[in-house]
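Please read the structure below before turning to the comments.
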Amino acid sequence: VFVLTLPFARAQLHQFHQLSKNEGLVAGTNNNYIFEDSRNNVWISSITGLYRFDGHRIIAYHQGTAEGDLIAEIASNSDFGEERQGRIWLGLRKAYVYYDYTTDGFRDFVVHHEGKQISDHYDWAWLDVRDDNFYFGAGNFLYYVNTSQPAQYKLLDSVRVNFKAKMLPLKNGGVRLLKILPDSDV
């Protein structure tokens, strides 16, 4: 993973940080999304864990090492988003979660559909920063939640969303989901 920092000093125009196993990343992982938050921390989602780079060191979050009430397995193919309160939102394998800097911990949520808990496929998520609505896939369904009421999710559609999907904001305030279908489904 490469992180580019552009300082304002004349003598050095670009500074590159190469992050590897030596800095705490697990070798051979798929790092799917990279996100820089308002505190200039770089978040990296991976199938082996979640990483945060503060410019000096990597903090690795793996199952059993994260603080807070986190019950979800910490592995993510999800994109990240930062809402107005400064919490970082993403989907993990078994829950949708946010990281809260004020508590230095995670809070996770699971969905119940028709009386049964959905315990897999939370691996796609997107935050609409215009209104702090967090969209996520859970099982074979698409949901959203406003980040001000994180446990009050709403079902949008019965569609399985994977990490290749992309949500696009529309000028009228709505959103459009683009889903890549396998060749056999076209």
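These values consider heavy atoms only, across backbone and side chains, with no hydrogens, waters or symmetry-generated copies.
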Straight-line distance of [X] [atom1] to [Y] [atom2], nearest 0.5 Å:
| X | Y | atom1 | atom2 | value |
| --- | --- | --- | --- | --- |
| Tyr122 | Leu90 | OH | CG | 13.5 Å |
| Lys166 | Trp124 | NZ | CH2 | 9.5 Å |
| Arg176 | Leu170 | CZ | CG | 5.0 Å |
| Ile44 | Tyr33 | CD1 | OH | 14.5 Å |
| Ile34 | Asp79 | CD1 | CG | 11.0 Å |
| Leu168 | Leu177 | CG | CG | 8.5 Å |

- Message: With a sphere of 6.0 Å drawn around NZ of Lys154, does it hold more than 12 non-hydrogen atoms of other residues, nucleotides or ligands?
- Response: yes

- Heavy atoms of other groups near Arg130 CZ, more than 12 under 6.0 Å: yes

Determine the minimum heavy-atom distance between [X] and [Y], stating which atoms define it.
| X | Y | value |
| --- | --- | --- |
| Asp108 | Ala95 | CB-CB, 4.0 Å |
| Gly91 | Ala125 | N-CB, 3.7 Å |
| Ala151 | Tyr96 | CA-OH, 4.0 Å |
| Phe109 | Pro150 | CZ-CB, 3.4 Å |
| Trp126 | Pro169 | CZ2-CD, 3.9 Å |

- Item | Partner set under salt bridge (charged side-chain N to carboxylate O under 4.0 Å, His left out) for Asp132, not counting sequence neighbours | Arg84

- For Glu83, all residues meeting salt bridge (charged side-chain N to carboxylate O under 4.0 Å, His left out), sequence neighbours excluded: Arg87

- Task: Assess whether side-chain contact (heavy atoms from CB on, under 4.5 Å) is satisfied between Leu155 and His113, documenting all intermediate values.
- Result: CA-CA 9 Å; Leu155 176 66; His113 183 78; 4.0 Å; yes

- Task: Check whether the side chains of Glu82 and Ser38 place a donor and an acceptor atom closer than 3.5 Å, and report yes or no.
- Result: yes

- Any side-chain donor near an acceptor of the partner, Tyr144 and Asp128, under 3.5 Å: no

- Message: Regarding Asp37 and Arg39, does a basic nitrogen lie under 4.0 Å from an acidic carboxylate oxygen?
- Response: no

- Please say which of Tyr51, Tyr99, Trp89 ends up in a ring pair (Phe, Tyr, Trp, His ring centres under 6.0 Å) with Trp43. Tyr99

With sequence neighbours left out, what residues match [X] under side-chain hydrogen bond (donor to acceptor under 3.5 Å, both in side chains)?
| X | value |
| --- | --- |
| Tyr135 | none |
| Ser148 | Asn146 |
| Arg160 | His121 |

- Which residues satisfy the side-chain contact (heavy atoms from CB on, under 4.5 Å) test with His112, sequence neighbours excluded? Val110, Gln117, Tyr153

- Less than 6.0 Å separating the ring centroids of Phe134 and Tyr98? no

